[in-house]
Amino acid sequence: MEFRITCIPGDGIGPEIVAEAKKVLDAVAVKYGHVMRYTDILMGGASIDVHGVPLTEEAVETAKSADAVLMGSIGGDTTTSPWYKLAPNLRPEAGLLAIRKALNLFANLRPAVLYEELAGACPLKEEISAAGFDMMIMRELTGGLYFGERKTVEENGVRKAIDTLTYDENEIRRIAIKGFDIARKRRKKVTSVDKANVLDSSRLWRKVVEEVAAAYPDVTLEHMLVDNCAMQLVKDPAQFDVILTENMFGDILSDEASMVTGSIGMLASASLNDTKFGLYEPSHGSAPDIAGKDIANPIATVLSASMMLRYSFDLDQEADAIDSAVKAVLQAGYRTADIMSEGCVRVGCKQMGDLLAERIK
Ligand code: NAD
């Protein structure tokens, strides 16, 4: 099959890590008889330097015409880069917000996986980390408290700030459907996280998630209050498969879940709309401190490419091949600097890409 992929190399280590992800995708294409056609667009600082804005209309149109978007990362050193002297709407990150909006990406997927070989980096006690974990946090991205009406007023000399948390049933239903669909590709369990003991929006969330669950009898649904979930993530992370939650809870829980893996260079992510289309990118930033040195870890981007194959192209076998290659390379003892440990072989960004591509061939 043929797939059109728009690539956003971006800034900092972005171009280096995207190049390695392409290398791995090309190895998959050769092995399984697919054709991957890439078109690069500029975004973030790279676009500011050429066009004066972090994202152009043409770039958005190119992204829209593709089957999926694969991104490195954007942004520079926020204290020294001249990009951060520009007005906020012209800074690199404005490009990211604009493309998410233009592509209607409402579902954010963040896997948190503890690899046996990297268990030493996990900050949890050994008796907890020994069980390993492999969870997917599905966060609603365009509604809730971050997008509600807000204002600050002064009443009788007292300043008062108001934020509103709103969800309608359609917003909840579309993300719940995504969550259950993804659980079907995994271990078939959804933990829906809310604060239904206090919030009306959470009570509606729970009802609509239950309605959606009726169409997925093969998937187990449980509900968990967000405060309990925050505790369970450090007490027994192995219990989770898919965590389905609203915007603010997901923001906090996904950062907590990624911290317990201990390795920022390994964490992939995806943002999806209501078709098969998605934007795939590592969870980390553009790491300007190590850019151009061939020492960045490309695995988070490679695993983002694997998610693209699985969730946008329905190529589960090919995605499994990438995931297995990552495990095999770690098992063989190869490490980039960020995940290096005693007795392992240190490799650069390019060599890590080569090793992964070789495992796939
Ligand atoms: P960062 O994630 O770029 O870096 C944090 C630390 O982790 C740094 O020491 C960096 O060297 C290291 N690191 C990150 N990715 C790595 C990798 N793949 N391999 C090895 N080491 C890695 O976060 P930051 O320094 O806070 O942000 C730098 C820039 O990235 C900022 O401009 C920020 O706005 C931007 N940013 C962009 C995105 C995005 O594009 N989605 C996300 C987060 C941050």
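All values derive from a computational prediction rather than experimental measurement. Both counts, for ligands and for their atoms, begin at 1 and track the order of listing.
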Across all chains, not counting sequence neighbours, the ring-ring contact (aromatic ring centres under 6.0 Å, His included) partners of Phe277 are none

Is there a donor in the side chain of Asp251 and an acceptor in the side chain of Tyr146, or the other way round, less than 3.5 Å apart?
-> yes

Nearest heavy-atom pair of Ile17 and Ala296: which atoms, and what distance?
-> CG2-CB, 4.1 Å

By salt bridge (Lys or Arg N to Asp or Glu O under 4.0 Å), Lys189 pairs with (sequence neighbours left out) Glu222

Pairs under 3.5 angstrom only: tabulate donor-acceptor contacts from the side chains of residues 344-361 to other protein residues two or more places apart or in another chain.
from, atom 1, to, atom 2, distance (Å)
Asp354, OD1, Lys23, NZ, 2.7

Give a yes or no on whether Lys185 atom NZ has more than 12 heavy-atom contacts from other residues, nucleotides or ligands under 6.0 Å away.
-> yes

Using heavy atoms and a strict 4.0 Å limit, residues surrounding ligand 1 turn out to be Ile13, Met71, Ser73, Ile74, Gly75, Gly76, Thr78, Tyr84, Glu93, Leu96, Ile264, Glu281, His284, Gly285, Ser286, Ala287, Pro288, Asp289, Ile290, Ala296, Asn297, Asp338

